[in-house]
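Chain naming here is simple, since letters A, B, ... match the order of the sequence lines and numbering starts at 1 in each.
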Protein chains: 2
Amino acid sequence: MTKTRRKAPDATRKRLIQAAFSEIHEKGFQPTGLDKILARAKLTKGAVYHHFKNKTDLGYAVFDEVIDPWVRGRWIEPIHEAADPLKELIARVKAVPKRSGKELALGCPLNNLILEVSGLESGFRDRMNGLLDAWRVQLAADLKRGQRDGCVRADVRPAETAAFVVAALEGLVGIAKPASDVKALKQTVNGFVGYLQSLRPA
Amino acid sequence: MTKTRRKAPDATRKRLIQAAFSEIHEKGFQPTGLDKILARAKLTKGAVYHHFKNKTDLGYAVFDEVIDPWVRGRWIEPIHEAADPLKELIARVKAVPKRSGKELALGCPLNNLILEVSGLESGFRDRMNGLLDAWRVQLAADLKRGQRDGCVRADVRPAETAAFVVAALEGLVGIAKPASDVKALKQTVNGFVGYLQSLRPA
DNA sequence: AAAAATACATACCGGTCGGTATGTGTATTA
DNA sequence: TAATACACATACCGACCGGTATGTATTTTT
């Protein structure tokens with residue numbers, strides 16, 4: 001039987017990635033020490049350097065296997081699967097201020113990473129650009145579909161609008177990070193929703 | 001004569017702050033070591049700990065004396081002083097993709113700092129919230145003024161719109177950081193400009 | 001001019017960092 | 001079942017970090 005399991009290498013690898021994600025989400029990639037990740041995962045350095053080349057390689061895995069699906073599952077796929085993409089988008093934007101204070105303070109892991117490590121090397125940059133591009137492309141396609149279905153104004157430019165919406169969304173969750181009171185956040189969301197509703201046909 | 005100068009404490013202090021700003025702007029607050037700042041300023045640790053309590057205190061000075069005026073001078077005051085605030089805002093948004101690649105990659109120092117250290121302690125958070133609030137208040141007032149002058153639609157809600165614009169702007173410069181090609185950035189800007197122009201009276 | 005305060009420079013410390021070398025138990029292969 | 005490859009744990013390293021203690025030249029005060 002070649003199917004018997006080893007110690008559990010896959011599970012260990014996922015434990016590492018998940019622990020790294022949590023730490024990175026809280027403190028950022030660079031300030032997060034391997035020791036903190038290992039303490040959370042209850043493993044030692046041997047595990048890290050068996051499964052990954054180095055800390056950066058672990059960071060790549062965190063992006064590919066957690067952050068990327070995280071963003072897609074929250075912001076790309078639900079809008080794509082919705083009959084009315086604009087309605088789904090508005091609903092999700094409205095839901096942002098309802099998050100817990102801790103969740104708001106943590107922010108979007110993609111946005112955090114962009115602002116932190118985009119200046120370092122190309123490994124992260126390429127990944128982030130790829131995800132952002134996929135996001136824009138998908139949203140543009142969904143807006144176009146909305147136009148065909150009559151729930152998005154015909155004179156809306158899908159690509160430009162999609163790109164702007166993505167940027168505004170990252171700006172929104174970024175602004176939310178330091179906001180101690182939700183008032184400013186709610187105002188921002190209202191402004192955002194107002195814009196999105198202006199994309200509706202008259 | 002009590003006016004004769006000492007070694008030049010004020011100039012030294014400014015050298016420190018300016019060097020710290022440059023390093024922080026490039027690599028962020030936490031990853032920036034005091035040694036790098038001191039090498040750039042051609043000073044030693046004695047200078048830092050004479051003028052500042054610690055690294056965080058130096059960071060506060062960087063925010064108060066460089067970043068805060070930087071944002072106000074670039075995005076708050078020019079719009080406030082313009083006869084047509086919306087026109088000035090649009091012009092400045094359009095100018096973003098014309099920046100140098102290096103400048104784009106560095107991003108907005110305020111936005112960088114928000115995403116990095118808003119989760120740490122209240123010192124930075126309070127400063128950033130204060131600046132963001134001042135920004136929103138001023139822009140809202142300028143939009144209101146635009147409404148009185150007839151260059152902004154009457155049904156625009158100034159406070160909400162201002163808050164959204166601020167967030168979208170931070171999102172824009174954030175998105176620009178990893179962008180290797182300017183195409184996506186230009187699309188984002190076009191979408192942004194389209195939104196701003198929709199605030200014009202019909 | 002002597003004394004005191006200021007404005008730094010130099011040397012050093014404990015702690016933490018990413019990374020490596022090596023040891024060892026476990027699972028797979030032969 | 002013996003040999004081998006795998007999946008970690010342990011111990012350790014040099015580099016760097018923020019911070020401190022102290023020395024000293026320069027101003028300012030008296």
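In terms of the salt bridge (charged side-chain N to carboxylate O under 4.0 Å, His left out) criterion, A:Asp10 has no residue partners (sequence neighbours excluded). Partners of A:Asp126 by salt bridge (charged side-chain N to carboxylate O under 4.0 Å, His left out), not counting sequence neighbours: none found. With sequence neighbours excluded, no residue forms a ring pair (Phe, Tyr, Trp, His ring centres under 6.0 Å) with B:Phe52. Scanning for salt bridge (charged side-chain N to carboxylate O under 4.0 Å, His left out) contacts around B:Lys177 gives an empty result, with sequence neighbours left out. The ring pair (Phe, Tyr, Trp, His ring centres under 6.0 Å) check on B:Tyr49 picks up nothing, with sequence neighbours excluded. In terms of the salt bridge (charged side-chain N to carboxylate O under 4.0 Å, His left out) criterion, A:Lys36 has no residue partners (sequence neighbours excluded). Looking at residues two or more places apart in sequence or on another chain, you find a ring pair (Phe, Tyr, Trp, His ring centres under 6.0 Å) between B:His25 and B:Phe21.
If you check residues 55-66 of chain B against DNA chain D, the residues with a heavy atom closer than 4.0 Å are B:Lys55, listed by number. Contacts between residues 30-51 of chain A and DNA chain C, counted as heavy-atom distances below 4.0 Å, involve A:Thr32, A:Gly33, A:Leu34, A:Asp35, A:Lys45, A:Tyr49. Taken residue by residue, residues 117-128 of chain B places no heavy atom nearer than 4.0 Å to DNA chain D.
Sorted by first and then second residue, the salt bridge (charged side-chain N to carboxylate O under 4.0 Å, His left out) pairs involving residues 108-125 of chain A (not counting sequence neighbours) form an empty list.
In this structure, CZ of B:Phe52 is placed 11 Å from P of C:dC8, rounded to the nearest angstrom. Atom CZ of A:Phe29 and atom P of C:dC17 are 13 Å apart (whole Å). One atom, CD of A:Glu23, and another, C1' of C:dG18, lie 16 Å apart when rounded to the nearest Å.
Regarding contacts with the backbone of C:dC8, a side-chain N or O of B:Thr12 is found under 4.0 angstrom from either OP1 or OP2.
Side-chain contact between A:Ile114 and B:Leu115: absent, with no pair of heavy atoms (C-beta onward) separated by less than 4.5 Å.
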Would you give me the side-chain donor-acceptor pairs under 3.5 Å for residues 157-175 of chain B, sequence neighbours excluded?
residue	atom	partner	partner atom	Å
B:Arg157	NH1	B:Glu160	OE2	3.3
B:Glu160	OE2	A:Asn190	ND2	3.4
B:Thr161	OG1	B:Arg157	O	2.7

